[in-house]
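For the numbers below, each heavy atom of this structure counts, side chains included, while hydrogens, waters and symmetry mates do not. Counting starts at 1 for both ligands and their atoms, in listed order. Bear in mind that the values here come from a model prediction, so they are computed numbers and not experimental data.
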Amino acid sequence: MSRIAVVPGSFDPVTLGHLDVIERAANVFDEVHVVVVHNPGKTALLPLAQRVTLLEESIADARLSGTILVTSWSVGLLVDYCTDVGANVLVKGIRSQIDVAYETPMAIVNRDLVGIETVFMLPNPAHAHVSSSLVRQVASLGGDVSPYVPDAVAAFLDTVEDL
Ligand code: PNS
């Protein structure tokens, strides 16, 4: 039986830390679905479709091996998507104890909802300080975000006048 993992997130925008977790998930599971989800608790910078495009470009450029599919989910619960595609597990990247505190309640609620397990993966510590929100802030104030994001994202953000 094929083991399908879902790597969900806002990916606003995708960072090198996200890419690292996606690669690790693809090394462990047969199929990885990277799902761009609307987070009602956050004000988005990029439209969902743009985030999907940047993820697709970044994954292609990084030549990640394995079966990796990128999609978005904006209606209903994330676990509904998991049930629809027969996913066995959710994968989340953990950079620090703050992430553990943020992710643990969601992991338990998702398991309560449909019985799905969440696996926490540790990205390369070189990316431990990288977050989409910092990238958004630095980019919007005219700083260089190229050390933190895939080339496709850095190039795209350079083209946006009003971030
Ligand atoms: O990258 P983020 O913003 O930390 O990702 C959080 C996300 C989008 C994965 C989370 O907010 C989520 O799963 N949202 C979908 C709505 C849902 O299913 N909520 C219940 C989760 S317990």
Close-contact set for ligand 1 against N110 heavy atoms, below 4.0 Å: 21 (C), 22 (S)
Under 3.5 Å: N/O of H38 near N/O of ligand 1: no
Of the listed options L77, V109, D12, closest to atom 19 (N) of ligand 1 (non-hydrogen atoms): L77
Protein heavy-atom partner closest to atom 14 (N) of ligand 1 - residue, atom, separation in Å: V37 CG1, 3.7 Å
For atom 5 (O) of ligand 1, closest protein heavy-atom neighbour: G9 CA, 3.6 Å
More than 12 heavy atoms of other groups within 6.0 Å of D61 CG: yes
Residue, atom name and distance, where the atom is the protein heavy atom closest to atom 10 (C) of ligand 1: M106 SD, 3.8 Å
Verify atom 7 (C) of ligand 1: protein non-hydrogen atom under 4.0 angstrom away: no
In one Ile/Leu/Val/Met/Phe/Trp/Tyr side-chain cluster, 4.5 Å: V7, V130: yes
Identified side chain to side chain contact (heavy atoms under 4.5 Å, CB included) counterpart of N124 within the set V21, L16, D20: D20
Polar proximity ligand 1 side, K92 side, N/O cut 3.5 Å exclusive: no
N or O pair under 3.5 Å between K42 and ligand 1: yes
side-chain hydrogen bond (donor to acceptor under 3.5 Å, both in side chains) between H129 and Y148, worked out: CA-CA 9 Å; H129 58 295; Y148 314 124; 5.0 Å; no
Closest protein heavy atom to atom 3 (O) of ligand 1, given as residue, atom name and distance to 0.1 Å: S10 OG, 2.5 Å
Region of V79 engaging ligand 1 - heavy atom pairs below 4.0 Å: neither
Same apolar cluster (I L V M F W Y, side chains within < 4.5 Å links), V114/W73: yes
Lys/Arg-Asp/Glu bridge criterion (N-O < 4.0 Å) met for K42, D12: no
I4 and F29: CA distance, side-chain angles, deciding distance, side chain to side chain contact (heavy atoms under 4.5 Å, CB included) verdict: CA-CA 6 Å; I4 302 176; F29 297 98; over 6 Å; no
Contact check: L78 vs ligand 1, nitrogen or oxygen atoms, below 3.5 angstrom: yes
Within reach of ligand 1, part of Y102 (heavy-atom separation under 4.0 Å): side chain
Verdict with reasoning, E117 to R111, per salt bridge (charged side-chain N to carboxylate O under 4.0 Å, His left out): CA-CA 6 Å; E117 297 292 349; R111 189 169 61 193; 3.2 Å; yes
Over all atoms of both residues, closest heavy-atom pair of V35 and S72: CG1-C, 4.2 Å
